[in-house]
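Here's the structure we're looking at; comments come further down.
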Number of protein chains: 2
Amino acid sequence: MKTTKKLTIRDIAGAAGVSPATVSLVLNGKGDISGVTRTRVLEAVARLNYVPRSAKGSGEGGSETLRFLKISKHGHTVNRDHSVFISDYIDGMSAEAIRRNYTLEVVSFEGQSISAIAESLTGAPIRGVIALGTELTEDDIRLIQGVGFPTVFIDTFYDVVDANFVDMNNEDAVYKVLSRFRAHGFERIGFVASHVDTTNFRLRQDAFFKNMARLGLKVREDDVLSIESTHEGAYEDTRMLMEGGLDLADCYFCTNDIIAYGFMKALKEFGVQVPADVSIIGFDNLPQSATTEPPLTTIEVSKRKIGYLAVTILDDLINASENQPSVKMLVGADLVLRASDGRDVPRPAPTRLRVAKQLPAE
Amino acid sequence: MKTTKKLTIRDIAGAAGVSPATVSLVLNGKGDISGVTRTRVLEAVARLNYVPRSAKGSGEGGSETLRFLKISKHGHTVNRDHSVFISDYIDGMSAEAIRRNYTLEVVSFEGQSISAIAESLTGAPIRGVIALGTELTEDDIRLIQGVGFPTVFIDTFYDVVDANFVDMNNEDAVYKVLSRFRAHGFERIGFVASHVDTTNFRLRQDAFFKNMARLGLKVREDDVLSIESTHEGAYEDTRMLMEGGLDLADCYFCTNDIIAYGFMKALKEFGVQVPADVSIIGFDNLPQSATTEPPLTTIEVSKRKIGYLAVTILDDLINASENQPSVKMLVGADLVLRASDGRDVPRPAPTRLRVAKQLPAE
DNA sequence: CTCGCGCTTGTTTACTAAACATGGGGAGGA
DNA sequence: TCCTCCCCATGTTTAGTAAACAAGCGCGAG
């Protein structure tokens, strides 16, 4: 007879209302267990403070663990405003990690040096690393990869760096934005850049110029603005620009949604109507973009897909029997149409003649 | 009441002594079914001559077939000289298709119009398409994709086209070539382009200029040559250039190995020593490159990996429950060092002063 | 104290119950 | 007679368990 002191998996099963086999499957991340049942089991484990009989000190399942490094060097882009997309990345990674019998652990770094981060990996009981590369430089990436674990970087992309990347396809996304503006017949297409230098912001700006050329559109130098990337900073910088007598373009593509919110807020205070006076398209489709005034047309990136593909590529690296060529993946994005880009609200600017262009098939 | 004439899966289940769900799993190759049980079910199916209600006339297993379109529009690059890399693509695709329970069928097209190719797909009993995109234009790609099957294009890559691609990373590969030449201290780095316009050739040429700039190297306009892309054509064109008094650069990166063979053969006939007088690096690592005189330093692309990844992405598309963002993948490559690039054979050109540059870590 | 055996604990395999999705057939209406 | 719509039969999928299996712990005997 077991004592009342020593818990077994059968006690957890009874407490959770499932079979012992199900508890085992949950604890080992195997089988097809629904989220509801999994939660119930894990709650029973926590409540009863169950420790498996064969538990190792702390190496529980460690040899099959993937570590996600959530790295925020300066917090300008990896911050609470963007926690929803970090969460989407994690959802995508977690689902696929579980499917492939890995445990995904998440380790956050805020302000730590990259060498400290690299050092935290040394000797860690993990099989591979997925690193959030938003705020990482090329050298950062080489340093993390130099630790020697199979590694995939997400939310960043560098040419000629021999590493594995999964990132959004900024170029294709910006092409969709600018095609949209061109379809509206806008001639002065502006861009709101960010003071902060991250890879994706830079890629987006490069894509702006490249696609303007590709679409046969001219860029006016003073239609390219640069403002702070926090909501408050974007708002203040835009106010200052407006106070400085900014001559508005027909429309602006903003580097990301946070910048677009601040930009729109300041425009509103100066009596500028969006999209009647100036159209705006953002990038990220944060949840708030559906509820801004007006709701923001924006680019939706499938962050879950990025997370999923990162685990796919990482698993290949882990299981490869020989040296693998690096793989760089770009995940496409969709334009989410809302009110801010001006489709249904004609621009009431009688002092300016708009030349109708041939509209691409839409 | 069902008649004795019309069998259902429930009759088979009864006859085999299993549940209808198990019969379904057996017939669809899913689930974890033991060999004993599977045999029992299949015997009952055969004995009772069961035909599923939704059976198509000749579609036995056909719905799980992937079709590889081997498309040669003009044969300048998709030809016998390159059959080894087509074969590598197929090997990679085939192994992964089998692993995912697909049949890979290969259909060759030589000189046919793209609309005829698209038409051959209409109504075909297949689940998805992988198309060799080497000689395809953007419009070709849109036409094939317009048929409506899940489709992945390999050996090509287009920005802003909303399609799925798996291609070699030309930019990273060319960076390795030029880094190598720079490491040798070469100042006049030449490029041998191809008369034929395919995406990869164009990407390779773009990458040449881009990486020369990135590495702080100057391009001399007359060091960029353009010759025919067949072995014979490359040889003749080079002979003509030499007869026209070509002033040779220190080294040349050739668009592909076939071009490099013809180029080297003609140089040899004019008494030019490779790599003593001029160094050469090719691209593709065809088997012959190991046995040329001298053996050719070249770029090795893992074509099997490309084939493998194409099936991976295609399977995701086929199984997706909702519209998927396009995915564009670039597979890295390795520089295969042989004799042709001049590492161990100093250039005996006393009439020209070579300025030593600081060598990057190698 | 050590060794061997039996039993407990946890895991895995292979199947099914039940829910879900699809399409065929029948009935009704034009 | 033909066409359309709705319902139900058929087949598939999801998620859980029974039962078999594997490993190791604990207890008893020498």
Side-chain angles (χ1 to χ4, degrees), chain A residues 1-45 48-57 59-64 95-96 98-103, chain B residues 1-45 48-57 59-64 100-101 125 127 315 318-322:
Chain A
M1 277 304 180
K2 64 182 190 297
T3 66
T4 58
K5 175 173 162 182
K6 179 73 179 185
L7 285 167
T8 71
I9 224 164
R10 288 166 176 82
D11 301 311
I12 306 299
V18 298
S19 71
T22 300
V23 176
S24 179
L25 293 173
V26 169
L27 292 181
N28 290 287
K30 300 190 176 183
D32 305 303
I33 310 293
S34 70
V36 172
T37 302
R38 185 185 300 112
T39 301
R40 211 158 73 229
V41 170
L42 293 175
E43 281 174 345
V45 168
L48 300 180
N49 203 25
Y50 167 72
V51 177
R53 185 175 76 168
S54 59
K56 294 144 184 106
E60 179 176 323
S63 65
E64 295 292 3
E96 186 63 12
I98 288 170
R99 210 182 68 82
R100 292 170 184 257
N101 300 321
Y102 290 111
T103 298
Chain B
M1 271 313 175
K2 65 181 188 297
T3 66
T4 57
K5 175 175 165 183
K6 179 73 179 187
L7 285 166
T8 72
I9 222 163
R10 285 163 178 84
D11 302 312
I12 306 299
V18 298
S19 72
T22 301
V23 176
S24 178
L25 294 172
V26 169
L27 293 180
N28 290 286
K30 299 189 176 183
D32 305 303
I33 310 293
S34 71
V36 172
T37 301
R38 186 186 297 114
T39 301
R40 213 157 73 228
V41 171
L42 294 175
E43 282 175 344
V45 168
L48 299 181
N49 203 24
Y50 167 72
V51 177
R53 187 175 73 169
S54 59
K56 293 144 181 104
E60 176 175 328
S63 66
E64 296 293 4
R100 292 170 183 257
N101 299 320
R127 297 300 308 279
D315 192 34
I318 290 168
N319 290 318
S321 54
E322 58 191 2

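Naming: A, B, ... by sequence-line order, numbering from 1 per chain. Please read these numbers as outputs of a predicted model, since none were measured by experiment.
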*asked:* Once rounded to the nearest 0.5 Å, what's the spacing between atom CG of A:Leu7 and atom OH of A:Tyr50?
replied: 8.5 Å
When the distance from [atom1] of [X] to [atom2] of [N] is rounded to whole Å, what number comes out?
X       : N      : atom1 : atom2 : result
A:Leu27 : C:dT12 : CG    : P     : 12 Å
A:Ile9  : C:dT12 : CD1   : C1'   : 12 Å
A:Asp11 : C:dT8  : CG    : C1'   : 12 Å

*Please tell me which of B:Arg10 and B:Val36 maps to the more 5' nucleotide of DNA chain C, matching each residue to the nucleotide holding its nearest heavy atom.*
B:Val36
Check the phosphate of [N] against [X], side-chain N and O only, distance under 4.0 Å to OP1 or OP2. Yes or no?
X       : N      : result
B:Tyr50 : D:dG11 : yes
A:Ser24 : C:dG10 : no
A:Asn28 : C:dT11 : yes
A:Lys30 : C:dT12 : yes

Indicate every side-chain donor-acceptor pair of residues 16-29 of chain B with a distance under 3.5 Å to a residue at least two apart or in another chain.
{"residue": "B:Ser19", "atom": "OG", "partner": "B:Ala21", "partner atom": "N", "Å": "3.4"}
{"residue": "B:Ser19", "atom": "OG", "partner": "B:Thr22", "partner atom": "N", "Å": "3.2"}
{"residue": "B:Ser19", "atom": "OG", "partner": "B:Thr22", "partner atom": "OG1", "Å": "3.0"}
{"residue": "B:Asn28", "atom": "ND2", "partner": "B:Ser24", "partner atom": "O", "Å": "2.9"}

*Could you list the residues that satisfy side chain to side chain donor-acceptor pair (under 3.5 Å) with A:Thr39, not counting sequence neighbours?*
none
_Nearest heavy-atom neighbours spanning A:Arg38 and A:Ile33_ = NH2-O, 3.3 Å
Distances under 3.5 Å between nitrogen or oxygen atoms of protein and nucleotides 16-18 of chain D:
{"residue": "D:dG16", "atom": "OP1", "partner": "A:Ser34", "partner atom": "OG", "Å": "3.2"}
{"residue": "D:dG16", "atom": "OP1", "partner": "A:Thr37", "partner atom": "OG1", "Å": "2.4"}
{"residue": "D:dG16", "atom": "OP2", "partner": "A:Ser34", "partner atom": "N", "Å": "3.2"}
{"residue": "D:dT17", "atom": "OP1", "partner": "A:Ser19", "partner atom": "N", "Å": "3.2"}
{"residue": "D:dT17", "atom": "OP2", "partner": "A:Ser19", "partner atom": "N", "Å": "3.1"}
{"residue": "D:dT17", "atom": "OP2", "partner": "A:Ser19", "partner atom": "OG", "Å": "2.9"}
{"residue": "D:dT17", "atom": "OP2", "partner": "A:Thr22", "partner atom": "OG1", "Å": "2.2"}

